[in-house]
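Written out below as structure tokens is the structure these notes cover.
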Amino acid sequence: MNKTVLITGASRGIGKACAEKFREYGYNVLAPTRTEMDLASENSIHDYIGSITAPIHALVNNAGINPLATVGNLNFDDAHAMMATNFWAPVLLTNLLAPRMKEQCYGRIVNISSIWSGVTKSGRSMYASSKAAINAFTRTAAVEYAEYNVLVNAVAPGYVNTELTQINNTPEQIETIKNNLPIRRLAEPSEIAELIFFMASEKNSFVTGQTIFADGGYSII
Ligand SMILES: NC(=O)c1ccc[n+]([C@@H]2O[C@H](COP(=O)([O-])OP(=O)(O)OC[C@H]3O[C@@H](n4cnc5c(N)ncnc54)[C@H](OP(=O)(O)O)[C@@H]3O)[C@@H](O)[C@H]2O)c1
């Protein structure tokens, strides 16, 4: 039987690359659009998950938003929307699917975090908080589910060549970022998808509760 993975935010960027990677390895891919499952709405998440009765073997909580604002200029509607999408949606999806994975004695959950969960930059206070929160949630969920062969990890990308990066950085800023990175380039979404696939597949049999930084060396200098 082919395994099934649920990937959020697979319309573009890292999520789209993940969907391609899992399909390449024979997975059934559930990639709901925002219309099918709006992550900012708990009801929408309940409705979508309630409609899926077939086993789900892996969950990739990938969708995320990052509206920039300095602390003194926070827009609290934006901040709440960001926490809903980046933190509460992965929490609710884990809450709904980890017990099912426990029943089937198999599950892999990968939460997409960010380098800004470990280091930071002006304008990222809420985004950094949402990603640090997901790292902490990942560790506790991992502790609770490890004995049932449900492994929970986070992948924290650095700068990836996606729309999110292009929206939040000018071309000049991107050139400076590249020059300051030990690896001297941005990641391609497919490179991040490769790591996510490993963590979310049966290839990963012993890693749990970790946040793996995939950042071309950004956080070590
Ligand atoms: N790009 C980077 O450099 C980078 C670095 C570190 C971490 N990350 C993290 O990696 C993940 C993916 O980033 P990305 O750059 O690939 O993002 P992206 O290109 O901006 O795509 C975001 C995805 O999330 C979906 N989404 C956003 N809000 C949603 C909602 N309320 N309901 C359903 N779907 C929603 C979008 O759907 P629509 O098409 O409907 O808008 C889209 O598919 C995010 O968690 C991000 O924080 C990215």
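Just so we're clear, the structure is a prediction, and the values are computed from it rather than from any experiment. Counting starts at 1 for both ligands and their atoms, in listed order.
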Protein contact of atom 7 (C) of ligand 1 - nearest heavy atom, named by residue and atom, plus distance: Ser113 O, 3.2 Å
Heavy-atom distance to atom 22 (C) of ligand 1: which of Gly13, Pro157, Ser41, Gly64 wins? Gly64
Taking only non-hydrogen atoms of Tyr127, do any sit less than 4.0 angstrom from ligand 1? yes
For atom 24 (O) of ligand 1, which protein heavy atom lies nearest, and how many Å away is it? Ala63 CB, 3.4 Å
Ligand 1 versus Val160: contacting region, heavy-atom distance under 4.0 Å: both
For Met37, take its heavy atoms, then give the atoms of ligand 1 lying under 4.0 Å from any of them. 32 (N), 33 (C)
Using heavy atoms and a 4.0 Å limit, tell me yes or no: is Ala81 in contact with ligand 1? no
Do Ser44 and Asp38 meet the criterion of a side-chain donor-acceptor pair at a distance under 3.5 Å? no
Between the CD1 atom in Ile177 and the OG1 atom in Thr165, the distance rounded to the nearest 0.5 Å is 7.5 Å
Is a donor from one side chain sitting under 3.5 angstrom from an acceptor on the other, for Asn161 and Glu188? yes
Go through the side-chain N and O atoms of Asp215 and Ser219 and say whether any donor and acceptor fall under 3.5 Å apart. yes
Check if Lys131 has a non-hydrogen atom at a distance under 4.0 Å from any atom of ligand 1. yes
Atom 34 (N) of ligand 1: nearest protein contact (heavy atom, Å): Leu39 CD1, 3.8 Å
Of all the atoms in ligand 1, which lie at a distance below 4.0 Å from a heavy atom belonging to Ala40? 31 (N)
Have a look at Asn61, Thr85, Ile112, Asn62 and point out the one with the heavy atom closest to atom 44 (C) of ligand 1. Asn62
Give a yes or no on whether a salt bridge exists between Lys21 and Glu24, defined as a side-chain N under 4.0 angstrom from a carboxylate O. yes
Phe87 six-ring face occupied by Lys131 cation (under 6.0 Å, within 45°): no
Angle between ring planes, Tyr218 versus Trp116, binned at 30° and 60°: parallel, tilted or perpendicular? perpendicular
How far does CZ of Phe22 sit from NE2 of His57, to the nearest 0.5 angstrom? 12.5 Å
Among non-hydrogen protein atoms, atom 42 (C) of ligand 1 lies closest to Ser11 OG, 3.5 Å
Show which atoms of ligand 1 fall inside a sub-4.0 Å distance from at least one heavy-atom site of Asp38. 30 (C), 31 (N), 32 (N)
Going by the closest heavy atom to atom 30 (C) of ligand 1, which one wins out of Met82, Arg34, Arg12, Gln166? Arg34
For atom 15 (O) of ligand 1, tell me which residue out of Val155, Ile65, Thr162 has the closest non-hydrogen atom. Thr162
Option set Gly158, Ala187, Ser114, criterion heavy-atom distance to atom 4 (C) of ligand 1, minimum: Gly158
Is the terminal nitrogen or CZ of Lys102 (NZ for Lys, CZ for Arg) located under 6.0 angstrom from the six-membered ring centre of Tyr148 and within 45° of that ring's axis? yes
Nearest heavy atom to atom 13 (O) of ligand 1: which of Thr165, Ile14, Ile192, Ile115 does it belong to? Ile14
Any idea which part of Ala89 is under 4.0 Å from ligand 1, heavy-atom wise: side chain, backbone, both or neither? neither
Distance alone, cut at 3.5 Å: any donor-acceptor contact between the side chains of Ser113 and Asn135? yes
For atom 23 (C) of ligand 1, tell me which residue out of Ala214, Gly9, Cys18 has the closest non-hydrogen atom. Gly9
More than 12 heavy atoms of other residues, nucleotides or ligands under 6.0 Å from CD of Glu36: yes or no? yes
Please tell me whether Phe137 and Trp88 form a close aromatic pair, meaning their ring centres lie under 6.0 Å apart. no
